Amino acid sequence: MVWQLNYRLFSCCSVLLTLLLSAPSAQATESLLQTEKQYRLAAWHFFRDDDYQALLHLSLAPEPAAKARLLQAGLFLQLDMPAATAALLEQLLAEQTVSGALPQELRNVALLQFSQYQFEQQQPEQARFYFAKLSAPLLQLTGQATLLQQMLTWPNITPFDDKVFQQLAGQAELPYVVINHILALRQQQKSAQALQLLARLNTALSKPTTMSFWQQLFREPSTAMGSDDRVERDALADYLLLLKAGLLVDEKRWAEAQQVLRGFASNSVLTLPAMTLYRDVLIENRQIPVLLAVLQQLITRYPLAPASWLAAHQIGMQLELTFEQQQALAAYRWAEQYYQRQLTANAGYRVPVTAEQLANPDTLTPWQFYQLRQQSALYQLNRQLDAVAQLQQQQQQRLARLAHLTDVVQSKLEQQQQLLTQALPRLTAKQQGLQAQSAALAETIRQAQNEPMAQLLWLNDAEQAFSQQQHMLTRASSRLQQLAADGRDMTAENARLQRLKGLLTWHYQQNSAERSYQLAQLQQQLTAELQQIDSGIQRLAALEGKTTRLLAQQQQLTQSMANEQGFSVLLAEQQQQLLRSLNQALQQQRLAEREQLMALQRLNTQAIARLMEQVLLSTEEAN
């Protein structure tokens with residue numbers, strides 16, 4: 001089997017552009033500033049594993065720049081939208097964008113990862129198309145490119161070159177590239193050369209690998225802590241050990257192969273193929289007691305694996321070869337019952353898997369769980385269903401937020417409508433009344449200021465006395481003028497009259513000052529009330545403009561809600577389609593396993609018949 005790696009899709013690499021591309025200058029347009037803002041929000045959501053929300057922010061960018069469009073293409077790929085990814089990628093790599101052409105290294109990252117994705121989706125022609133667009137130098141991408149090229153041309157890979165160890169020194173893909181060369185040599189029945197190359201690889205792996213700054217920076221959090229590195233190293237070591245044993249078997253060096261397999265880890269992901277190969281070696285070496293123990297372990301540890309089904313028959317077969325006919329017959333009969341139980345269980349596997357079960361793997365049956373981990377096609381379908389489920393969850397959160405915003409906008413509209421229909425007329429009427437009062441008061445004050453001794457400015461209770469005194473003094477002044485006209489001396493009377501007028505003027509000034517102050521205070525109060533009412537009316541008038549904006553927002557939210565609901569329908573349809581494909585594949589696997597079990601059952605039945613015939617003949621000869 002050709003070796004390959006599971007890489008993170010190229011969208012994470014696109015975030016490098018934040019540092020590689022220059023920031024907008026002071027003369028950047030508003031649209032570019034908005035694009036940068038949306039891009040940074042999208043990158044933030046991407047690193048929070050919220051691909052859907054990141055894509056929404058990018059869709060709001062008025063003029064997507066190169067980095068935003070590259071991130072958008074990666075997000076399309078994350079959401080399993082290869083057609084949209086290909087269309088955007090073609091445009092992105094072919095044209096000059098507003099932020100300039102993509103750097104060559106990033107172009108290679110996008111092309112390489114998309115080609116890898118196409119290959120994983122069993123689209124080799126599309127994968128070769130994008131792989132051919134890579135441009136040298138590849139630098140740190142050399143290992144990935146070499147490995148992908150091997151997969152695209154398998155089994156016709158280029159002959160091994162010793163320079164590979166120097167070209168890929170320190171790169172994580174080195175062992176897998178060399179392993180593919182070893183597998184090619186094995187396929188060409190050149191096991192001795194393959195063993196030599198394997199020894200060189202083990203020597204090279206003893207040296208620590210190095211990674212570039214960007215590779216270290218953009219690794220997964222779990223990988224950064226080293227846990228995944230250890231798992232990969234252990235799995236790789238186990239595979240190389242198993243590969244060495246297989247090559248020794250090819251060379252018919254059975255004893256050495258048995259020695260290698262004897263110390264193989266019992267908890268490795270490759271324990272089953274190792275035990276299967278160990279079984280074959282033991283059969284060849286005719287070590288029956290150990291072989292029977294291994295066959296029993298296969299049946300016990302891997303009840304769902306075809307190797308364990310064959311082991312049930314092989315126990316009787318090995319006993320038969322050692323001429324232990326009674327024990328062999330008992331083993332065959334046990335195997336017959338075993339196959340019948342397996343066929344009965346196989347019939348129960350007809351029940352389809354539901355989306356709820358996939359969301360909670362603990363509810364899956366052991367057979368379903370085993371198949372989803374063992375079969376590559378089922379594993380890919382399960383991953384796609386998991387991605388759709390996550391997208392549905394994020395989209396439900398989006399719908400909840402839109403519903404909340406819709407309620408808020410509706411509440412504000414109702415409040416504004418109530419204010420405009422009730423508060424505005426009331427404030428307008430009060431404003432008009434206060435304006436009339438203020439105008440009347442201002443006219444009164446103006447008239448009083450124009451009169452020498454305005455009666456209006458006299459205090460309330462003394463107003464009548466002031467009028468009487470003023471009238472009396474006026475009459476006295478007229479009488480004195482008449483008497484003076486008759487030739488009489490009115491000097492003393494005039495002096496007295498002037499004293500009375502002065503006294504009246506003094507009283508007037510004392511009372512009018514207080515009265516003027518009160519009128520001024522009343523005028524200020526009216527002015528303050530009018531200002532408050534004017535301010536309230538202005539705020540209410542401004543609500544009319546806000547109402548228009550709220551109505552536009554309400555319409556936009558309604559459209560967004562409709563779009564989201566339509567998207568929900570599409571997601572549900574995609575989920576059902578993937579679920580149908582998954583269940584169909586499961587049923588095909590079930591039927592294939594049923595055929596295997598029935599074939600083994602027939603073989604076992606024939607063995608029982610053959611052995612019983614031999615026992616009968618032996619009994620007759622003895623008699």
Side-chain angles (χ1 to χ4, degrees), residues 1-14 16 70 73-74 77 82 85-86 89-90 92-94 102-188 190 193-194 196-198 200-201 204-205 209-212 214-215 218-219 232 235-236 239-240 243 376 380:
M1 175 182 177
V2 62
W3 267 84
Q4 55 178 303
L5 288 174
N6 290 323
Y7 300 108
R8 182 165 174 82
L9 300 178
F10 73 83
S11 55
C12 65
C13 298
S14 65
L16 302 174
L70 183 60
L77 200 58
T85 305
L89 196 59
E90 284 293 330
L92 186 62
L93 299 175
L102 284 176
Q104 178 180 332
E105 182 179 358
L106 279 227
R107 287 169 60 92
N108 286 335
V109 168
L111 288 167
L112 183 59
Q113 297 296 352
F114 190 59
S115 178
Q116 170 79 18
Y117 175 82
Q118 293 288 353
F119 176 78
E120 292 176 353
Q121 297 300 312
Q122 299 181 355
Q123 300 289 338
E125 294 301 324
Q126 289 293 325
R128 294 188 186 97
F129 174 79
Y130 288 101
F131 184 84
K133 291 180 175 292
L134 291 173
S135 55
L138 295 177
L139 303 177
Q140 292 295 325
L141 301 176
T142 303
Q144 297 182 33
T146 305
L147 183 58
L148 181 57
Q149 186 179 29
Q150 287 181 329
M151 293 185 289
L152 291 174
T153 58
W154 185 264
N156 302 318
I157 64 175
T158 58
F160 178 75
D161 188 350
D162 288 339
K163 295 180 180 179
V164 168
F165 286 100
Q166 288 75 32
Q167 293 173 348
L168 303 184
Q171 297 193 28
E173 294 79 18
L174 171 62
Y176 305 103
V177 171
V178 178
I179 285 173
N180 284 337
H181 282 293
I182 295 174
L183 294 176
L185 289 173
R186 186 181 186 185
Q187 195 173 40
Q188 298 167 11
K190 298 179 180 179
Q193 297 181 27
Q196 294 175 2
L197 186 56
L198 180 59
R200 291 186 58 186
L201 176 60
L205 288 179
T209 59
T210 58
M211 289 188 301
S212 68
W214 296 114
Q215 288 175 314
F218 287 97
R219 300 174 77 194
E232 183 177 349
L236 180 59
Y239 181 80
L240 292 177
L243 182 57
S376 177
Q380 292 295 336

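This structure is a prediction, so every number in the text was calculated from the model and none was measured.
A side-chain contact (heavy atoms from CB on, under 4.5 Å) with L240 holds for exactly one of V178, L201, I182; it is L201.
For the ring-ring contact (aromatic ring centres under 6.0 Å, His included) test, residues two or more places apart in sequence or in another chain that qualify with F160 are F165, H181. By the side-chain contact (heavy atoms from CB on, under 4.5 Å) test, Q193 pairs with L185, K190, sequence neighbours left out.
From L147, atom CG reaches atom CG of L174 across 10.5 Å, with rounding to the nearest 0.5 Å. L198 CG to R186 CZ: the interatomic distance, rounded to the nearest 0.5 Å, is 11.0 Å. For the atom pair Q149 CD and Q144 CD, the distance stands at 14.0 Å (nearest 0.5 Å).
Using a 4.5 Å heavy-atom cutoff, the side chains of L236 and I179 are in contact. Side-chain contact between T146 and E173: absent, with no pair of heavy atoms (C-beta onward) separated by less than 4.5 Å.
Between N180 and I157 the shortest heavy-atom distance is O-CD1, 3.7 Å. Contact detail for Q150 and V177: the closest heavy-atom pair is NE2-O, 3.2 Å. In terms of heavy-atom proximity, L148 sits nearest to S115 at CD2-OG, 3.4 Å.
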